[in-house]
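Some notes on the structure that comes next.
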2 protein chains.
Amino acid sequence: MKKTSLKDIAQKAGVSTALVSYVLNGKEKETRVGEAIAHKIKQIAKEMNYQPNHLAKSLRSGKTHTIGLIIADISNPFFANVARVVEDEAKKNGYTVIIGSCDEHAEKSWDLLNVLINRQVDGFIIVSCEGSENQVHYLKERNIPFVLLDRHFPEIQTDFVATNNYKASYDAGVHLIKSGYSRIGIMAYKSKMYHMEERVRGYKHALRDNNIEFLDSWLKEVHFETMDSEVRTAIDEALASDQQVDAMIFATYGLAINALKYINELRIKVPSDLAIVSFGQAEVFDLYYCPISYVRQPLEMLGKTAVEFLLKKLKNPEEGMKQILMEAKLIVRESSKAKTATLSG
Amino acid sequence: MKKTSLKDIAQKAGVSTALVSYVLNGKEKETRVGEAIAHKIKQIAKEMNYQPNHLAKSLRSGKTHTIGLIIADISNPFFANVARVVEDEAKKNGYTVIIGSCDEHAEKSWDLLNVLINRQVDGFIIVSCEGSENQVHYLKERNIPFVLLDRHFPEIQTDFVATNNYKASYDAGVHLIKSGYSRIGIMAYKSKMYHMEERVRGYKHALRDNNIEFLDSWLKEVHFETMDSEVRTAIDEALASDQQVDAMIFATYGLAINALKYINELRIKVPSDLAIVSFGQAEVFDLYYCPISYVRQPLEMLGKTAVEFLLKKLKNPEEGMKQILMEAKLIVRESSKAKTATLSG
DNA sequence: GGTACATGCTTAATCGTTTAAATAAAATTT
DNA sequence: AAATTTTATTTAAACGATTAAGCATGTACC
């Protein structure tokens with residue numbers, strides 16, 4: 001029992017496939033199809049439960065109504081949620097999303113890109129990973145529409161939707177200072193990615209603007225791949241030295257999780273021994289015995305806007321370049337509460 | 001600068017598209033293409049960076065090399081991870097996956113199914129939600145290949161890959177009993193889904209086989225949609241009554257998370273006030289001040305096997321029905337440690 | 001009554017592949 | 001040398017849709 005095609009309907013109605021196509025695409029008026037026939041065609045289409053073949057449509061039109069979404073790390077709940085938003089938003093507009101995670105590997109990202117290009121996606125939304133600049137250039141050269149999400153390359157002119165990471169980190173730093181912490185560290189990925197540099201920069205400026213001298217030993221940079229062990233070392237160092245920190249900003253969700261596990265093991269008390277503010281958002285932060293203060297990025301808006309930008313570009317390739325930085329919001333919880341309160345402890 | 005097609009290559013090589021197709025599909029031998037020409041064609045294809053058009057291929061062959069993955073709830077990290085496994089495994093076999101989450105709504109699942117059928121996916125892997133039996137029947141009738149994952153309907157003959165939930169829950173119950181708990185409750189979704197019933201059944205039998213009389217008030221069933229508030233009520237009831245529980249099994253990850261948040265608020269101590277074993281697996285359980293014992297389902301194997309079953313069926317539609325129940329493993333942590341140890345507290 | 005236009009429908013090309021069947025040329029057999 | 005087989009290549013239909021162009025009609029106008 002094959003799917004019914006235009007031909008089947010045409011045959012049953014005794015007309016050409018052209019008429020059927022016109023009618024079912026709502027072009028009866030422009031193409032002057034007889035009312036009686038039009039009605040008959042619609043009737044038959046319904047009876048036979050006609051569903052157009054997307055492949056054929058796409059082959060003809062060159063449009064697949066599919067978006068490729070390449071995510072740097074889908075195991076990060078922030079990105080997982082962004083992916084959901086993108087998917088929902090796309091579906092609302094009649095688009096299907098194909099998701100791929102490159103797990104922070106540029107080669108994997110490259111493979112994905114090619115697979116999806118071959119699948120004829122109409123455009124891309126990309127959370128770039130380190131070393132994927134060439135891919136961005138490639139897309140630009142080939143004139144394939146795309147929007148960068150959450151991470152972007154300031155030296156490459158592209159559409160992007162991202163968070164103001166500098167500001168977010170600055171705010172986090174100021175918040176800790178105002179809460180009475182003065183020896184504030186930051187843990188970040190060892191990375192040349194702009195969003196990461198911005199987070200470190202914001203933190204440093206927060207210290208500077210509050211007359212706290214930044215110490216090199218307060219910046220802990222770890223490699224993504226060997227995070228598990230490096231985080232432990234970093235925590236050990238941050239707490240053991242004579243430049244011991246009393247608060248720490250975690251530049252990503254993954255770093256925070258790893259650190260918290262270790263901190264648990266060490267029986268270090270948050271926030272009395274160590275105050276914490278983390279980027280990223282996740283249930284985990286609510287569930288920790290001492291709820292974690294975090295930087296809430298405008299997840300929904302990021303996803304929605306990225307889709308919006310891309311679809312606009314798909315509809316009109318001449319559309320101008322769109323770039324937007326959205327503000328994050330610092331959610332203050334127990335893990336960074338004012339130090340005075342813990343002086344008694 | 002259009003993509004190069006078979007035609008372009010044919011033109012440049014001065015041959016017909018047929019030859020090009022044969023050569024590039026490795027059918028030179030069967031179709032006896034001249035060696036010189038074959039070589040020339042390959043050469044040109046490489047030079048022009050030929051990438052076949054999947055749409056055209058699919059239209060012709062009726063195969064899209066795409067799998068539809070419908071997940072009951074992608075916000076559940078267990079399912080999110082299963083999705084990753086399925087995706088990776090599919091990709092290894094040259095398949096692309098289109099994921100959709102129905103958020104436990106049968107209608108949404110129905111919509112997804114249709115969207116994906118229209119997109120001509122070759123087959124489905126489905127984590128069914130309540131009330132979607134008709135969809136399973138529909139697929140069977142229309143002879144669309146599919147494999148049910150994690151949840152199945154015992155009264156419908158289908159391929160499936162799932163966990164032995166009865167056994168898992170039974171083990172969890174026995175473990176708690178052996179650890180000295182005797183007033184053991186269970187929190188589950190109010191649902192007619194088989195996997196949920198099995199979890200309750202296993203728990204009950206664990207009690208029965210250890211001469212503990214099951215009390216109705218120990219079974220807390222909450223609705224998925226209104227989980228947030230109902231979980232609180234359930235916890236209140238479980239702890240306040242004269243039939244107060246000293247341990248609790250959570251039949252899903254979501255329930256556990258919600259309950260733990262509330263338990264935190266109430267300042268209830270785990271496990272001294274309440275021991276806990278939960279289904280599902282997530283970082284959260286590691287991070288809780290008292291790491292949570294949980295039932296680890298064979299996530300990787302489930303996903304891989306589902307893909308394997310489906311691909312076999314796609315390759316050979318006559319393939320027999322495949323059903324498998326995999327064993328879960330109880331991971332014992334602090335949250336359910338032997339009661340004697342806490343008698344002093 | 002001839003030209004012009006409106007109406008209602010069909011034809012056929014096209015998108016990029018695959019592949020059975022046809023064809024032509026060369027090699028082998030009778 | 002004719003018949004047959006093998007080898008190398010082309011032709012053309014098909015997948016399922018879209019759409020410009022063509023072709024009959026009928027109606028209106030001068």
Side-chain angles (χ1 to χ4, degrees), chain A residues 1-42 44-45 48-66 94 117-122, chain B residues 1-42 44-45 48-66 94 117-122:
Chain A
M1 196 169 31
K2 262 186 35 237
K3 280 189 62 173
T4 60
S5 69
L6 277 194
K7 216 177 180 177
D8 301 328
I9 299 179
Q11 227 146 43
K12 196 148 184 178
V15 298
S16 71
T17 62
L19 266 200
V20 180
S21 173
Y22 290 142
V23 170
L24 297 183
N25 284 299
K27 303 200 178 158
E28 328 166 29
K29 290 285 168 299
E30 303 102 288
T31 56
R32 302 166 310 217
V33 180
E35 259 193 61
I37 281 285
H39 186 260
K40 188 174 176 186
I41 288 173
K42 285 183 196 159
I44 294 178
M48 302 181 76
N49 185 33
Y50 170 71
Q51 306 286 133
N53 183 320
H54 267 270
L55 294 173
K57 265 185 138 88
S58 297
L59 180 57
R60 184 72 222 272
S61 67
K63 300 270 156 267
T64 55
H65 279 242
T66 304
I117 289 176
N118 272 18
R119 291 263 167 178
Q120 324 282 135
V121 301
D122 291 343
Chain B
M1 195 170 30
K2 260 186 39 235
K3 280 189 59 173
T4 60
S5 70
L6 278 194
K7 217 176 180 176
D8 301 329
I9 300 179
Q11 230 145 43
K12 196 148 186 179
V15 298
S16 71
T17 62
L19 266 200
V20 181
S21 173
Y22 289 141
V23 170
L24 296 183
N25 285 298
K27 303 200 178 159
E28 329 166 28
K29 289 287 168 298
E30 303 102 287
T31 56
R32 302 166 309 217
V33 180
E35 260 192 59
I37 282 286
H39 186 259
K40 187 174 178 188
I41 287 173
K42 283 182 194 160
I44 295 179
M48 303 180 76
N49 185 32
Y50 170 71
Q51 305 288 133
N53 182 321
H54 268 270
L55 293 173
K57 264 186 139 87
S58 296
L59 180 58
R60 183 72 224 269
S61 67
K63 301 270 156 266
T64 55
H65 279 240
T66 304
I117 289 176
N118 272 19
R119 292 263 166 174
Q120 325 283 132
V121 300
D122 291 343

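Here the structure is a predicted model, which is why all the values come from computation and not from measurement. In what follows, every chain begins at residue 1, and chains take the letters A, B, ... in the order their sequences are listed.
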Can you tell me the distance, in whole Å, between the [atom1] atom of [X] and the [atom2] atom of [N]?
X      : N      : atom1 : atom2 : answer
A:L59  : D:dT19 : CG    : P     : 13 Å
B:K7   : C:dT14 : NZ    : C1'   : 8 Å
B:H65  : C:dT17 : NE2   : P     : 15 Å
A:E28  : D:dT19 : CD    : P     : 15 Å
A:Q120 : C:dC15 : CD    : P     : 14 Å
B:K40  : D:dA8  : NZ    : C1'   : 15 Å
A:N118 : C:dG16 : CG    : P     : 14 Å
A:D8   : D:dA17 : CG    : P     : 8 Å

For B:S21, enumerate each residue passing the side chain to side chain donor-acceptor pair (under 3.5 Å) test, keeping only those at least two apart in sequence or located in another chain.
B:N25

Those residues at least two apart in sequence (or on a different chain) that pass side chain to side chain donor-acceptor pair (under 3.5 Å) with A:T17 are none

Proximity to the side chain of B:Y50 - top-ranked nucleotide from C:dG16, D:dA17, C:dT17:
C:dT17

Can you figure out which of D:dT9, C:dC9, D:dA17 approaches the side chain of A:V33 most closely?
C:dC9

Protein-nucleotides 19-22 of chain C N/O pairs closer than 3.5 Å?
from	atom 1	to	atom 2	distance (Å)
C:dT19	OP2	B:K27	NZ	2.7
C:dA20	N6	B:Y22	OH	3.2

Going by the rule ring pair (Phe, Tyr, Trp, His ring centres under 6.0 Å), which residues pair with A:H54 if we only count those two or more places apart in sequence or in a different chain?
none

Might you point out which heavy atoms bring B:I117 and A:K3 nearest each other, and give the distance in Å?
O-NZ, 4.4 Å

Tell me the closest heavy-atom pair linking A:K57 and A:P52, and the distance in Å.
NZ-CB, 3.7 Å

Categorize [X] for me: base, sugar-phosphate, or nothing, with a 4.0 angstrom heavy-atom threshold over every strand shown.
X     : result
B:T31 : base
B:Q51 : sugar-phosphate
A:L55 : nothing

Contacts of [X] that satisfy side chain to side chain contact (heavy atoms under 4.5 Å, CB included) - sequence neighbours left out:
X     : answer
A:K12 : A:I44, A:M48
B:T64 : A:L55, B:S58, B:T66, B:Q120, B:D122
A:Q11 : none

Protein-nucleotides 26-28 of chain C N/O pairs closer than 3.5 Å?
none

Just to confirm, is there a sub-4.0 Å distance from OP1 or OP2 of C:dT10 to any side-chain nitrogen or oxygen of A:S16?
yes

Donor-acceptor contacts, no H, no angles, side chain residues 28-36 of chain A, under 3.5 Å, sequence neighbours left out:
from	atom 1	to	atom 2	distance (Å)
A:E28	OE2	A:K42	NZ	3.0
A:T31	OG1	A:K27	O	2.4

